[in-house]
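These notes concern the structure reproduced below.
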Amino acid sequence: MAKLPSYLAMRVPLLDLGEQYRALNEPIREAIDEVLASHRFILGPKVQAFEKSIAAYCNVPHAVGVSSGTDALLAILMALGIGPGDAVITTPYTFFATAGCIARVGARPLFVDIDPETHNIRPSAVQEYVEKNCQADSGGAWRTKNGERLRAIVAVHLFGLSCEMDALHEISERFQLDLIEDAAQAIGAEFPFGGTTAKAGTMGEVGFFSFYPSKNLGAAGDAGMIICRDETLARKLRTFREHGMEPRYFHHVIGGNFRLDEIQAAILGVKLPFLEKWAAARRAAADFYGAEFARARLTERITPTAEPYRARGLTNHHVYHQYVIRAPMRDALREHLGEREIETAIYYPLGLHEQKCFAYLGYKKGDFPETERAARETLALPIYPEISRAAQRYVVDSIAEFYRLQPANQPKMT
Ligand SMILES: Cc1ncc(COP(=O)(O)O)c(C=O)c1O
């Protein structure tokens, strides 16, 4: 078949925050003006109010505002006393910060491969890793072959889909590990946990969110939040976020400047009430992609985002921070879409085990085949609450056009 007619062309960004900010322009400006008039710029009433709102939204007693998702994880690791001589299990298929923070506190990141359907760490692989490579010492602590003490699992809810937290929770209990949830991309995502429905970030000891501007709940700069149930841990986190200071100018521990500022908290406080509506709109857009892929007979070619918890009676079974497909000839497809002015992204082009800065960990290419395959095959398509159906149809038609232009009998996956 011929190419798409040129009158169909339109520019489709990966993310467009324009409509969101236009709609909320007035209340956001008012909230910022209040902060300017108050002269309280850091850890003031807006931060306290936003912490309360997030705690209520997540149904947890404690929320601690911090300067970013990265600083959230750094503060968590510090507050849990994780450092040199310790090892922490996580996924190699995530944003750098997850493993970067583990290394920054002096602990060793231990990678375990992902489930190719969900792109999240595979619980059975975690269990297998510990059983094969670690041993309990006389005190009952689990140690790696190098003698490092196994301390925690950092579960990353990638792209807005919760990890299998029931299985990870069981494993963490069995091996006495802290279960930390990197929910940077997954605020509001749900999972059927312990006979009820729980939100991402609330199922382990402690969890955190990033409010980086492109996140589902985005600030106008950097910001983050830690949530937990344990009061002692919450108190520690508040101390670590301010240089370990308690009381003022008395330092028993070394923390950092991980404070959240008032302007960001004010903006986020205005936006939070709309989060569920935006999540529903992202879900509707994801459903539309699914229907359009079927209409364009693309399901033989590409693999749409998996929705493993869809049938489990959850509302936010996925919050679609990203809509990620697997596509044969991914790079050529991306180039084709770029020529059609459709923005896409690759999250992530290289597993963390292959990053230069982690060469000292001793991993090599081939160690995590599913991560490496995902790095070759995944492509994030435009998704945001206000994306138009016309724009989505244009994306799908452009993908179909690409494959029509390819020789027949291409395999489903590269
Ligand atoms: C999975 C994951 N972890 C951690 C972070 C770090 O968050 P921030 O950018 O707010 O520091 C991000 C941010 O992109 C992320 O996607």
Side-chain angles (χ1 to χ4, degrees), residues 14-15 17 47 50 54 63-78 88-105 109 111-112 114-115 118-121 152-163 165 168 179-189 200-201 204 206-227 237 240-241 256-261 263-265 267-268 271 318-324 345-353 355 357-358 371 374-375 378 380 383-384:
L14 189 65
L15 167 70
L17 293 172
V47 168
F50 182 55
I54 287 285
V64 180
V66 287
S67 36
S68 67
T70 305
D71 289 344
L73 182 52
L74 212 47
I76 288 169
L77 294 167
M78 287 174 163
V88 176
I89 293 173
T90 194
T91 164
Y93 190 61
T94 176
F95 180 61
F96 172 78
T98 312
C101 290
I102 296 169
R104 281 172 69 190
V105 296
F111 296 124
V112 170
I114 56 166
D115 177 321
T118 64
H119 301 119
N120 286 329
I121 197 164
I153 301 171
V154 180
V156 182
H157 308 306
L158 205 68
F159 303 146
L161 177 72
S162 172
C163 292
M165 290 304 289
L168 288 175
L179 184 52
I180 301 168
E181 294 180 69
D182 178 339
Q185 302 186 4
I187 189 163
V206 57
F208 69 92
F209 306 117
S210 161
F211 303 123
Y212 183 77
S214 63
K215 294 292 194 279
N216 289 20
L217 180 62
D222 279 308
M225 184 72 69
I226 305 170
I227 55 172
L237 288 164
F240 274 94
R241 114 179 128 175
N257 173 0
F258 307 137
R259 298 177 298 232
L260 176 56
D261 79 63
I263 287 182
Q264 297 309 336
I267 294 169
L268 289 162
K271 291 173 83 170
H318 200 311
V319 291
Y320 296 99
H321 174 54
Q322 302 295 345
Y323 189 91
V324 174
I346 296 171
Y347 304 111
Y348 298 90
L350 193 65
L352 294 183
H353 64 295
Q355 298 289 349
C357 66
F358 288 137
T371 291
T378 57
I383 195 161
Y384 45 94

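Each ligand, and each atom within it, is numbered from 1 in the order the structure gives. For clarity, every value in this text was computed on a predicted model and none was experimentally measured.
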[atom] - nearest protein heavy atom and its distance:
{"atom": "atom 14 (O) of ligand 1", "answer": "Lys215 NZ, 2.7 Å"}
{"atom": "atom 5 (C) of ligand 1", "answer": "Phe95 CD2, 3.7 Å"}
{"atom": "atom 4 (C) of ligand 1", "answer": "Asp182 OD2, 3.6 Å"}
{"atom": "atom 9 (O) of ligand 1", "answer": "Ser210 OG, 3.9 Å"}

How close do [X] and [Y] get, counting heavy atoms only, and between which atoms?
{"X": "Tyr93", "Y": "Ala374", "answer": "CZ-CB, 3.6 Å"}
{"X": "Gly221", "Y": "Pro213", "answer": "O-CD, 3.3 Å"}
{"X": "Arg241", "Y": "Val64", "answer": "NH1-CG1, 3.6 Å"}

State the atoms of ligand 1, each with its element, that fall below the 4.0 Å cut-off from a heavy-atom position in [X].
{"X": "Val156", "result": "1 (C)"}
{"X": "Thr98", "result": "3 (N)"}
{"X": "Ala184", "result": "2 (C), 3 (N), 4 (C), 5 (C), 12 (C), 15 (C)"}
{"X": "Ser68", "result": "10 (O), 11 (O)"}

- Using the six-membered ring wherever Trp is involved, compare the ring planes of Tyr320 and Tyr323 and label them parallel, tilted or perpendicular (cut-offs 30° and 60°). parallel
- Aromatic plane relationship, Phe159 with His119 - under 30° parallel, 30 to 60° tilted, over 60° perpendicular: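 Correct class here is perpendicular.
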Flag [X] as yes when one of its N or O atoms lies below 3.5 Å from any N or O atom of ligand 1, and as no otherwise.
{"X": "Thr94", "answer": "no"}
{"X": "Gln185", "answer": "yes"}
{"X": "Gly69", "answer": "yes"}

- From CG (Asp222) to OH (Tyr212), nearest 0.5 Å: 7.5 Å
- Query: Where on Thr70 is there a heavy atom closer than 4.0 Å to ligand 1, on the side chain, on the backbone, on both, or on neither?
  - Reply: both
- Task: State, with a plain yes or no, whether a side-chain heavy atom of Ile89 is found less than 4.5 Å away from one of Ile121.
- Result: yes
- Item | With Phe209, the side chain to side chain contact (heavy atoms under 4.5 Å, CB included) member among Leu217, Ile227, Val66, Asn216 | Ile227
